[in-house]
Structures are given as structure tokens and as C-alpha cells.
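Structure first, commentary second.
Chain letters run A, B, ... following the sequence lines, proteins first, then strands; residues in each count from 1. As the structure is a computational prediction, the values presented were derived from the model and not from experiment.
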Amino acid sequence: MTSTVEASNLSKAFGDKQVLQEMSFGIAPGDVIGVLGKNGAGKTTLLELMLGFTAPTAGVVRVFGHESYSLPGDLKARVGFVPQQDELLDQLTVESQLRVIASFYPRWDSALISRLCDEWGVKRDTRIKSMSVGERQKLSILLAFGHQPELLILDEPVASLDPIARRQFLEQLLTISADGQRAIVFSSHIVSDIERLANRIWILKDRKFDWQGDLDSLKESIVRLHIRGAGAAPAELAIPGLLNLQRDGAFATAVVRDWTPEAQEALEKSASVQVEVEALGLEEIFVELHR
Amino acid sequence: MKAVARLVWSYFTGSPVLRAFTLIGSTLLLIDFYLLMTQPWSDEKLWLAIVGLILLFIGSSLMPLMFGRLARSHSVGVLPGGRLKLLVSAYITILLVALPVGVLSPASLISASISLPEIMKDPRMRGFVIEVAALTFTSAVLFAGWMYLAMWFLTSQRNMAGLFKGLLVIMLVVFAPAQEIRDFTVSLTWNLQQLAVAWTVFGAGFLLWPRFKAARARRNRERFAGLIRLFTGRAAGREFDVLLGTSNPWLLVAALALPLLLMTRFVGDIPSVWLYFLTIFSAVTGAFSGQAAERSRALWLRGNWSRPELFAAVERSVWRHNAHVLGALILLTMGIGAYAHFPAAMLASGLPLLMLGTMLSTYLGLMITRGLRWLEIVCGVVVMLLLMVLAMLVAREIVDLSAVFALEAGLVVLAVSLRSVARRRWTQIDWMVCRPDRALATRDA
């Protein structure tokens with residue numbers, strides 16, 4: 001089966017500013033990828049490179065086997081996108097906007113959109129100009145769902161939604177992803193949403209992936225160690241993959257990455273300490289990686 | 001007061017380029033003042049003053065933009081005295097930009113006639129110089145105020161309403177001083193009356209706007225829903241144009257026709273003035289094609305077109321829109337020509353002028369795929385100057401047809417070149433660089 005997206009050695013610079021550097025990745029149907037990164041980490045750039053809005057400075061990104069920068073129409077019709085800032089037309093009503101966008105696609109699920117409009121409380125006769133930011137965001141999401149895309153890219157889609165709307169949106173995404181035929185890539189600063197929905201995580205740092213893999217592996221890899229020495233804690237603990245270390249008398253707390261049972265055994269033997277491993281939540285992992 | 005001072009400082013020095021303009025403009029004005037006070041009058045001093053004033057005005061051009069953005073922002077409603085301070089900062093900026101005119105005009109009188117001590121001794125001379133200073137200063141305040149207002153409308157409201165309001169103000173700015181000079185109606189009292197009314201009305205409107213807006217929101221706006229839909233709701237079959245913003249040329253036609261009809265009240269039958277305005281109006285269409293690149297971002301994922309094909313589709317759509325506007329302008333020109341007794345030669349060579357104005361501005365607009373940079377600004381200024389030269393040639397009593405046709409042929413070549421540049425840029429259009437302002441303001445990298 002062709003990968004939904006494939007990128008190799010992808011780099012992007014704006015003038016002198018290098019935003020992304022030599023990134024390689026693949027996205028397969030069924031993947032739900034959560035993209036995490038600090039402000040300015042390059043999340044939007046990465047997503048918009050996949051959409052062909054901008055050309056890579058180096059490397060290549062292919063969507064459905066075709067270069068994204070020159071994606072043909074039949075492949076574009078298989079892509080849905082929710083931008084960070086909506087691109088709605090203020091002078092239209094919701095109904096008109098839906099019709100305008102629907103007209104561009106050979107396949108449009110009006111029944112799904114009608115149902116979602118009812119469930120999400122989007123009134124079709126409202127003028128877009130008079131809608132709140134959250135309502136506009138709901139409509140933007142609806143516009144991306146209507147043609148049942150196989151690749152759905154969402155750039156911070158829930159930033160403006162209230163908790164109920166966010167929950168409805170996440171449930172809808174779960175429904176969409178349930179058939180395993182579609183790929184979803186979404187960036188968000190709401191880590192709990194990513195933790196709930198994504199089966200793969202991309203963490204961007206210093207223009208590259210700091211982590212790229214499934215959520216469970218990430219949680220197994222980055223852990224907090226509670227280290228207890230026989231007497232006072234050893235002054236020099238040789239801990240592999242150390243991210244952060246705090247000492248308190250006979251105790252030490254360390255956050256490590258790429259942690260394995262073998263590494264634990266080795267540490268316990270070499271430093272004569274007892275080590276307890278505590279699993280971290282995604283938010284804590286993100287914070288620890290960016291300390 | 002500190003906030004007001006900080007705002008004014010930011011208007012003049014907000015970016016390195018503007019800072020340079022302000023600095024050079026102020027320096028030239030100071031040098032000019034020194035020369036006027038120490039040396040006899042010469043034409044060069046006048047040009048020095050004009051260049052200095054233009055640079056200073058450009059240096060402060062951040063004011064209408066910042067003013068507009070802050071006025072619309074929520075923060076200005078939360079800051080203590082936010083709207084009042086913003087308003088005062090705008091008024092101070094206008095006064096500062098107009099001040100050199102009020103100083104240099106009497107200085108030029110002194111330079112041209114007698115020395116300052118002699119003038120101060122003579123009460124009549126002293127009175128005259130003070131009156132000239134007050135008159136030129138108040139005129140400059142009025143002129144600068146209107147110019148900033150036009151800039152505010154054009155930069156902060158990038159829609160029909162903004163364009164219409166901006167055009168009306170520009171018309172007023174261009175026409176009113178000419179009328180006063182022609183009719184010798186300018187006086188200090190009249191200037192002060194205009195200033196008092198304009199500043200009070202604007203100030204009160206600006207300060208009371210949030211209340212007015214809230215009251216308006218409470219009213220049932222559905223009364224006008226049918227009318228609004230009539231103008232904006234017809235989207236079926238023209239979805240591409242709707243997304244590009246070119247689906248309804250009639251609002252622009254109305255926005256251009258209405259000021260022209262109002263002008264019949266003032267301009268009378270002076271063909272050259274009419275031709276001048278019609279040329280400016282024909283170039284307005286460029287403002288619309290200038291938004292095509294950023295609006296086409298929404299089209300990229302929705303159709304079977306490569307970047308060059310998208311340019312071709314956009315070009316067709318823009319021309320569908322602009323052809324209506326041009327057609328309406330040509331009809332208006334013929335109507336005005338009959339009313340103002342345009343000579344046949346002027347009409348024959350004036351109509352291509354309108355077509356060229358539309359063509360050039362359309363492709364100048366389509367060239368803007370990376371925001372407005374120096375090249376686009378320079379091209380815009382050159383194109384407007386060439387169009388004005390052509391308008392002048394056409395408006396002469398005896399039209400030199402060979403010169404007119406030569407220049408028109410040159411402008412056609414220029415239009416073709418601009419199209420070629422636009423097309424080349426669209427083949428590499430980058431929608432991360434070219435995107436609407438509001439998205440730029442908040443997006444991450």
C-alpha cells in the first residue's frame with residue numbers, strides 16, 4: 001500500500017532562518033499523529049509543507065506518492081485541512097460558505113455535515129461575520145470533514161473551542177479514524193487531547209524531531225527515576241540519557257530518556273542504589289524534554 | 001502623557017526604514033530653515049522643503065496603520081483612557097507633521113524680503129508674517145489630517161467600504177485646496193472652523209464608537225438581511241470568484257461612480273481635472289488584484305490546478321471583475337465627456353488611457369505574491385507617474401497624438417512585462433509568505 005505521506009531529508013528555511021532541518025518521516029493510513037512543539041518550533045511549517053503551500057528548501061515530501069508542491073487535483077481532493085486561522089468569508093452565511101466549498105469537491109457528504117451542524121450547534125443561516133471565534137473554528141473543521149478526506153491535517157484546531165465543543169470534535173476525529181483508512185495529523189498545545197487521541201507522537205525541537213514514534217514507546221522511554229542510596233546519594237551518578245537530576249540527601253530524582261531495564265540494572269549495580277521507575281504523562285515528558 | 005509620547009515616538013520611528021525617513025526628512029527641514037534664515041530666497045530651498053516634508057510624512061506613515069489596529073483591538077478598551085490617548089497621539093502627529101509648513105512659509109517670506117529684526121519692529125509686517133504662519137499651518141494641519149484619514153481607510157479597511165471612504169477623502173484633499181486657491185476663499189477663520197468641526201466630529205465619533213457599536217448590535221439587523229443577501233449571497237456557479245473576492249464587481253462600480261457623480265457638483269467642465277481623476281480611478285482595480293495571491297491560498301487545495309494554471313484561472317477571474325469596472329468607467333467617461341465637452345481627440349486617446357490604467361494596475365496587483373516590497377512600491381509609483389504624464393499629454397488643448405500613441409505603446413509593453421513577472425512569481429508562489437494579515441499576526445512558525 002502507498003504511504004499517505006513520505007518525507008525524506010526535508011528542510012525549510014525562510015531567508016537566513018532555518019526552521020526545519022533534514023527531517024524524514026512517513027505517515028500510513030490509520031495513523032493519528034499528534035504534533036507537539038514550543039511556539040516557533042516549526043509545526044505550522046511542517047504541516048504546510050505537506051500541504052504544498054510552500055516548497056522545501058531541500059528534500060522532498062510526497063503525499064499519496066506525489067510531490068506535495070505540485071499535487072494534482074484528484075489527490076488534493078483526498079486532503080482536508082483546518083488552518084490555524086480560519087479562512088472564512090465574512091460576508092457569506094454558513095450555508096453559502098458550505099455550498100461554496102462543497103462545489104469544489106466531487107464527493108461531499110451533506111448528511112454528515114447536516115448532522116454535525118445540528119450536533120455542534122452551528123446555525124446555517126448565521127452570517128459568518130457575526131460568529132464568535134469558536135463558532136468560526138467549528139465551521140472551519142466542518143469544511144475540512146465534508147469531502148471525507150483520507151489525509152486530514154489540522155493546525156491547532158481546538159485552540160478556540162470550549163470544552164464541550166472540544167470533546168465533540170475529538171469524538172468526531174475518533175469516529176473518522178476508527179476505520180483505519182484515514183490518516184490524521186494535528187498539532188495542538190493541549191497535550192491531554194493529543195494523549196487521548198494520537199497513536200503516534202512527533203515532538204519538534206531545535207528544527208528536528210526530538211521524538212518520533214508511538215505514544216506507548218515514548219512513555220516507556222522517558223521516565224522519572226527515584227534513586228535511593230544506602231547512605232548519602234553518590235555525588236556523581238553516571239545515568240545514561242539523563243535529562244534532569246535533583247538530589248536531596250540520600251535521595252535523587254532523575255528524568256531519563258531511552259530507559260531500559262538493562263540500564264536500570266547496570267545503574268543499581270554500579271552505584272549501589274535502588275531505583276524505582278515512575279511513568280510520566282505526555283505533558284510532563286514534553287516539559288522535561290524542553291527544560 | 002507618557003503613553004501618548006510613546007505612541008507618537010513609535011509612529012515616527014517604528015521601523016528602521018521609517019526611522020531613516022523621519023531622520024532625513026527632519027534634517028532636511030532644519031537645514032532648509034537655517035538656509036532660509038541666513039541666505040536669500042531661491043527655488044532650491046523650496047524643493048528642499050518639499051522633499052523634507054514628504055520624507056517626514058512617509059516617516060510617520062505607521063500612524064494610520066497603528067491607529068487603525070489599536071482602535072480595533074480589545075486592549076484599547078481595557079487600557080485606562082486608551083481611546084483618548086490614541087486620539088491625542090494622532091492629533092499630535094498631525095500637528096508635528098504640519099508644523100514645518102507653518103514655520104518654513106513665513107521663513108521663506110523673511111528670506112525673500114527683509115531680515116527678522118526689521119520685521120519684528122514693524123507691527124504690520126509682524127502681523128502679516130504671523131498670519132501667513134497661522135494660515136499655512138492650519139491648512140497643512142487640515143491637509144495632513146485628511147491624508148492620514150485616507151491612509152487609515154485604505155490600510156485598515158481593505159474592503160469596498162474602506163476603498164470608497166478613502167477615495168472620497170482623497171478627492172476632497174485634492175480638490176478642496178485647488179478650489180480655495182482658484183476662488184481665493186482661504187482664510188484663517190475658515191481653516192479654524194473646518195479644523196474645529198472636523199476634529200470635534202472625528203474625535204467624538206472615535207470616542208463614542210464602542211457605545212454606538214453596542215447599541216447597533218442590539219438592534220435587529222435582520223431587517224437588512226434580505227438586502228445584504230442580494231449583494232453578497234449569490235454564490236452558485238461562481239465559487240472560484242467568491243473565494244477570490246471577484247464575484248461582485250458592482251460594488252466597486254458603485255464605489256467609483258458615486259464620487260464621480262458627486263464631483264460633477266464641484267469640478268464643472270474642466271476636462272484635464274476629469275481625466276486626472278478618471279485615470280486614478282482606473283488604477284484602483286489594482287487594489288483588488290493585489291489581494292488575489294493571499295486569497296488564492298484557500299483555492300490551492302480545492303482544485304485541479306498547478307501553480308501556473310492557478311495563475312491563469314485567477315487572471316481570468318480578475319479580468320471578469322475588472323472588465324465590468326472598466327466598462328462602467330468607459331461609459332462614465334463618455335457621459336462625462338459629453339457633459340464636460342471633451343474634445344474628440346482627447347476622448348479617443350483618453351479611453352485607451354483608462355484601459356492601460358486598469359491593465360497596469362491589475363498586473364501590478366497580481367505581482368504582489370510576497371507582500372509589498374520596495375520593487376512593487378517603486379513600480380507602482382513609476383506606473384502612476386507615467387499614467388499622469390499620459391493624462392497630461394491627452395489633456396492638452398492641442399493633443400500631440402504621436403507622443404500620446406508612443407507613450408501608450410510603451411505602457412502596453414510595460415503591462416506585458418508586468419504580466420510576465422506576475423506569472424513567473426505565481427509559478428513559485430509560497431502561501432506561507434503570502435497570507436492574510438490576521439493570520440500572520442498570530443501564527444507560529
Residue [X] versus chain A: region with a heavy atom under 4.5 Å:
X: B/Thr427; result: backbone
X: B/Arg302; result: both
X: B/Leu299; result: side chain
X: B/Glu309; result: neither

Exercise. Could you check whether the rings of A/Trp108 and A/Tyr105 sit parallel, tilted or perpendicular, using 30° and 60° as the cut-offs?
Key: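 It falls in the parallel class, under 30°.
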
Practice problem: Indicate the atoms forming the closest heavy-atom contact of A/Val158 with A/Phe169, along with that distance. | Solution: CG1-CD2, 3.1 Å

Quiz item: Looking at A/Trp202 versus A/Trp211, is the centre-to-centre ring distance below 6.0 Å?
Solution: no

Quiz item: Got a donor-acceptor contact below 3.5 angstrom from the A/Ser188 side chain to the A/Ile190 backbone?
Solution: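 Checking the backbone N and O of A/Ile190 against the side chain of A/Ser188, a donor-acceptor pair under 3.5 Å is found.
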
Practice problem: With a 4.5 Å cut-off on heavy-atom pairs, point out which of B/Gly245, B/Gly303, B/Ser306 contacts chain A the most. | Solution: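 Most pairs with chain A among the choices: B/Gly303.
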
Quiz prompt | chain B contact via A/Leu20 - side chain, backbone, both or neither, heavy atoms under 4.5 Å | solution =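 Neither part.
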
Exercise. Report the residue from A/Leu75, A/Leu151, A/Leu51 that forms a side-chain contact (heavy atoms from CB on, under 4.5 Å) with A/Val63.
Key: A/Leu151

Quiz prompt | Options A/Lys76, A/Gln97, A/Arg99, A/His147, ranked by heavy-atom pairs under 4.5 Å with chain B, top entry | solution = A/Lys76

Practice problem: Please test B/Asn322 against B/Thr358 for side-chain hydrogen bond (donor to acceptor under 3.5 Å, both in side chains), starting from the C-alpha separation and ending with a verdict. | Solution: CA-CA 7 Å; B/Asn322 290 358; B/Thr358 306; over 6 Å; no

